[in-house]
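Below is one structure, written out as structure tokens, with a few remarks after it.
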Amino acid sequence: MAFDVDIGFTSQAGRKAPNEDFCAAMLPLPGQEDRGSIVAIADGVSAGGMGREAAQTTVTSLVRDYFGTPETWDTTVALDRIIGAQNAWLCGINRRRHPAMGLTTLTALVLRGHSYTVAHVGDTRCYLVRDGKATLLTQDHVVNHPDFKHQLLRSVGAEDHLVVDYLQGDLQVGDVFILLSDGVHGEVSERRLPEYAAMTDAREASQKLVDQALARGSDDNVSALVVRVRGLLEATLMDANRLAQSLPIPLRLKVGDTLDGFTVTALVADNGINVLYQIRDPATQTLYALKTLNPARAHDQEERAMLAHEAWLAQRMQTSRAADYLVAVHDALPNGRERSAFYVLYDWHSGETLQQLLSRQARLSPSVAISYAMQALKALGRLHRQGVVHRDIKPANLHLGEDGVLRLLDLGVALSGREPAAMRALHAGTPSYVNPEQWGFRAKSGAGKAASKGTEDDQEAQLPTAQSDLFALGVTLYQLVTGKLPYGDVLPYQVGRYYRDPTPPSRHNPEVPIWFNHVLLKAVALDQRQRFETAEEFLLALERGASRPLSAPQGTPLLQRDPTSVWKLAMAVSGLLNLLLVYWLLFLPR
């Protein structure tokens with residue numbers, strides 16, 4: 001559903017001139033839809049003068065500068081930076097004036113993805129009308145005494161250190177937000193707000209609110225801003241992060257335990273970081289997979305953010321063609337139930353992973369392995385076109401369902417360009433399936449040395465790319481048909497494993513045809529330049545097969561695999577000559 005809001009506002013001087021209230025709204029430009037929409041209302045302080053100027057500059061700078069903040073900032077961070085800068089500017093002006101001039105209240109609302117964010121200072125108000133009930137989202141910063149109820153305790157421009165109230169919540173279609181200056185909310189009863197929210201036109205509703213305040217004798221400026229939510233965008237990563245940080249992690253569950261109406265039927269996996277359960281919905285008898293953090297990681301904010309990124313990415317991929325080869329994720333629980341804990345809910349597919357298949361068989365026939373690889377390449381091609389790198393392709397993450405579909409599992413360490421910085425810097429993936437360049441190995445002249453840990457490693461190691469997934473799939477395919485790994489079991493930073501080219505798979509399995517031999521050697525070649533560059537190129541080589549076979553990849557010269565080999569050989573020859581000389585001096589007759 002497209003993001004759709006109806007915004008209307010009315011501001012009049014009423015019986016008090018001039019009008020020191022100010023309202024504004026701004027919608028995103030094309031390409032910035034993920035940033036949401038922002039509206040704001042301010043009421044300039046009359047004492048000292050310049051209230052209108054303060055209100056206008058504060059609101060204008062906020063709604064304009066919001067879209068200029070980095071996209072990676074949380075909404076509250078973006079608002080706080082802008083409001084803080086405006087407050088510092090007004091305070092700088094007020095230091096040269098006595099009494100202080102240019103003070104204002106401020107209430108701002110940002111609608112973004114599936115969330116709303118309210119920023120508030122002063123006695124303007126924001127109400128949320130949902131399901132026919134009005135809820136006040138802000139608290140007036142005024143003296144708690146009937147005779148001084150218009151005396152502000154906080155305002156923009158009054159003090160160098162400004163404390164802004166923030167509130168975030170879930171957004172629903174049909175929500176109506178009403179922002180009012182004190183000239184309106186002081187006269188219009190909160191109980192009547194649902195009547196105005198029910199009006200179909202937001203502009204008409206704001207005008208009716210102002211008219212009602214004037215009819216009831218308001219002697220202040222009167223302003224009302226009404227925002228009706230008619231449609232939402234898909235959930236943003238910030239929505240997922242907010243949910244991840246606010247909900248608790250489930251305690252360790254046992255078979256038979258219940259959570260949010262689901263019954264645990266099995267513990268599938270626990271790697272110390274994430275826990276995977278099979279659960280059942282008793283109402284429909286439908287099975288699901290529930291993934292959450294290990295309770296020991298409940299206070300790890302980075303792990304929460306990584307699991308939130310996985311949930312957001314899986315949800316985003318459901319609208320792409322890659323969804324055919326991924327496990328569907330459920331953003332909402334069945335029957336509208338509310339989540340009491342943080343977890344990711346996936347569909348459950350019967351079947352087994354290729355790792356489980358290998359545990360029963362030493363190896364697979366080439367024809368069967370090729371059919372699996374072609375499905376995996378189609379999935380990777382669609383992921384890569386979406387700018388996503390899986391980063392952990394291996395037999396355990398390729399699941400063959402009973403419906404015959406091969407699905408990619410575990411987007412937990414995938415790169416999307418929006419992942420947390422800590423996850424981007426993480427050396428993720430299973431070492432034996434990670435391409436040598438990520439360990440700092442270069443199979444080319446003058447740069448084939450292995451980088452040591454520390455600063456040198458940071459300079460040499462490459463970040464994972466789409467080609468990294470293809471190398472991992474090549475290693476997986478090699479393992480499926482031979483039962484062995486092309487470079488053996490590799491430990492992290494153990495670049496010494498890459499001292500030789502892989503053994504041709506046909507030597508381990510005579511059933512491997514020569515053309516397939518060449519494809520596999522190209523897929524796992526030591527030299528990055530000899531490998532497949534795209535999933536489509538890899539898939540085409542498998543589809544053509546023996547009809548248009550690939551040439552055998554050239555072996556990597558010893559000098560490229562190890563540039564120090566010349567020096568090692570020279571040292572060996574020198575040592576041998578020295579030994580012969582010692583032998584001649586000691587034992588041969590003179």
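Worth saying up front: this structure is predicted, and the values here are computed from it rather than measured.
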Over all atoms of both residues, closest heavy-atom pair of [X] and [Y]:
| X | Y | value |
| --- | --- | --- |
| Cys91 | Asp160 | CB-OD1, 3.4 Å |
| Cys23 | Val59 | C-CG1, 4.3 Å |
| Gly429 | Val434 | C-CG2, 4.1 Å |
| Asp123 | Thr105 | OD1-CG2, 3.4 Å |
| Gly14 | Leu214 | CA-CD2, 3.8 Å |

For a side chain to side chain contact (heavy atoms under 4.5 Å, CB included) with [X], tell me which candidate from [options] qualifies.
| X | options | answer |
| --- | --- | --- |
| Asp469 | Val388, Leu383, Asp392, Ile393 | Ile393 |
| Leu209 | Leu180, Leu225, Val222 | Leu180 |
| Val121 | Asn87, Leu152, Val164, Thr58 | Val164 |

Does a side-chain heavy-atom distance below 4.5 Å link [X] with [Y]?
| X | Y | result |
| --- | --- | --- |
| Arg337 | Asp281 | yes |
| Arg242 | Ser115 | yes |
| Ile249 | Thr292 | yes |
| Arg230 | Asp6 | yes |
| Val63 | Val39 | no |
| His185 | Glu190 | no |
| Leu62 | Ile38 | yes |
| Gln56 | Thr104 | no |

Salt bridge (Lys or Arg N to Asp or Glu O under 4.0 Å) involving [X] - partner list, sequence neighbours excluded:
| X | value |
| --- | --- |
| Arg203 | none |
| Arg35 | none |
| Asp347 | none |
| Glu303 | Arg297 |

When the side chains of residues 128-137 are checked against the rest of the protein, which donor-acceptor pairs come out under 3.5 Å, sequence neighbours left out?
{"from": "Arg130", "atom 1": "NE", "to": "Asp175", "atom 2": "OD1", "distance (Å)": "2.8"}
{"from": "Arg130", "atom 1": "NE", "to": "Asp175", "atom 2": "OD2", "distance (Å)": "3.4"}
{"from": "Arg130", "atom 1": "NH2", "to": "Asp170", "atom 2": "O", "distance (Å)": "2.8"}
{"from": "Arg130", "atom 1": "NH2", "to": "Asp175", "atom 2": "OD2", "distance (Å)": "2.6"}

Does [X] have any ring pair (Phe, Tyr, Trp, His ring centres under 6.0 Å) partners at least two apart in sequence or in another chain, and if so, which?
| X | value |
| --- | --- |
| Phe9 | none |
| Phe177 | Tyr116 |
| Tyr288 | Phe262, His330 |
| His141 | His120 |

Spacing of [X] atom [atom1] and [Y] atom [atom2] [to the nearest 0.5 Å]:
| X | Y | atom1 | atom2 | answer |
| --- | --- | --- | --- | --- |
| Leu162 | Gln86 | CG | CD | 10.5 Å |
| Leu171 | Thr117 | CG | OG1 | 9.5 Å |
| Met317 | Leu408 | CE | CG | 12.0 Å |
| His390 | Leu380 | NE2 | CG | 8.0 Å |
| Gln301 | Asn241 | CD | CG | 10.0 Å |
| Leu293 | Ile273 | CG | CD1 | 9.0 Å |

Report yes or no: does [X] contribute a side-chain atom to a donor-acceptor pair with the main-chain N or O of [Y] at less than 3.5 Å?
| X | Y | value |
| --- | --- | --- |
| Ser37 | Leu111 | no |
| Arg304 | Ala298 | yes |
| Tyr277 | Leu253 | yes |

Check whether the side chains of [X] and [Y] place a donor and an acceptor atom closer than 3.5 Å, and report yes or no.
| X | Y | result |
| --- | --- | --- |
| Glu187 | Ser218 | no |
| Asp260 | Ser340 | yes |
| Asp270 | Asn294 | yes |
| Gln207 | Asp211 | yes |
| Ser11 | Asn19 | yes |
| Tyr66 | Arg64 | no |
| Thr76 | Gln168 | no |
| Arg280 | Thr263 | no |

Against Thr124, only a single residue in Thr107, Thr138, Asp182 fulfils side-chain hydrogen bond (donor to acceptor under 3.5 Å, both in side chains); can you say which? Thr107
For residues 294-322, the ring pair (Phe, Tyr, Trp, His ring centres under 6.0 Å) pairs (sequence neighbours left out) are His309-Trp312
Among residues two or more places apart or on two chains, list those pairs meeting salt bridge (Lys or Arg N to Asp or Glu O under 4.0 Å) that have a residue in residues 15-28. Lys16-Asp220
Pairs touching residues 316-331 that satisfy salt bridge (Lys or Arg N to Asp or Glu O under 4.0 Å), sequence neighbours left out: Asp324-Arg382
State whether Glu195 and Lys208 are salt-bridged, where the test is any N-O pair (Lys NZ or Arg NE/NH1/NH2 against Asp/Glu carboxylate O) under 4.0 Å. no
Before you tell me yes or no, could you show the steps for Val344 and Tyr346 under side-chain contact (heavy atoms from CB on, under 4.5 Å), namely the whole-Å CA-CA distance, both residues' side-chain angles and the distance that decides it to 0.1 Å? CA-CA 7 Å; Val344 186; Tyr346 288 103; 3.5 Å; yes
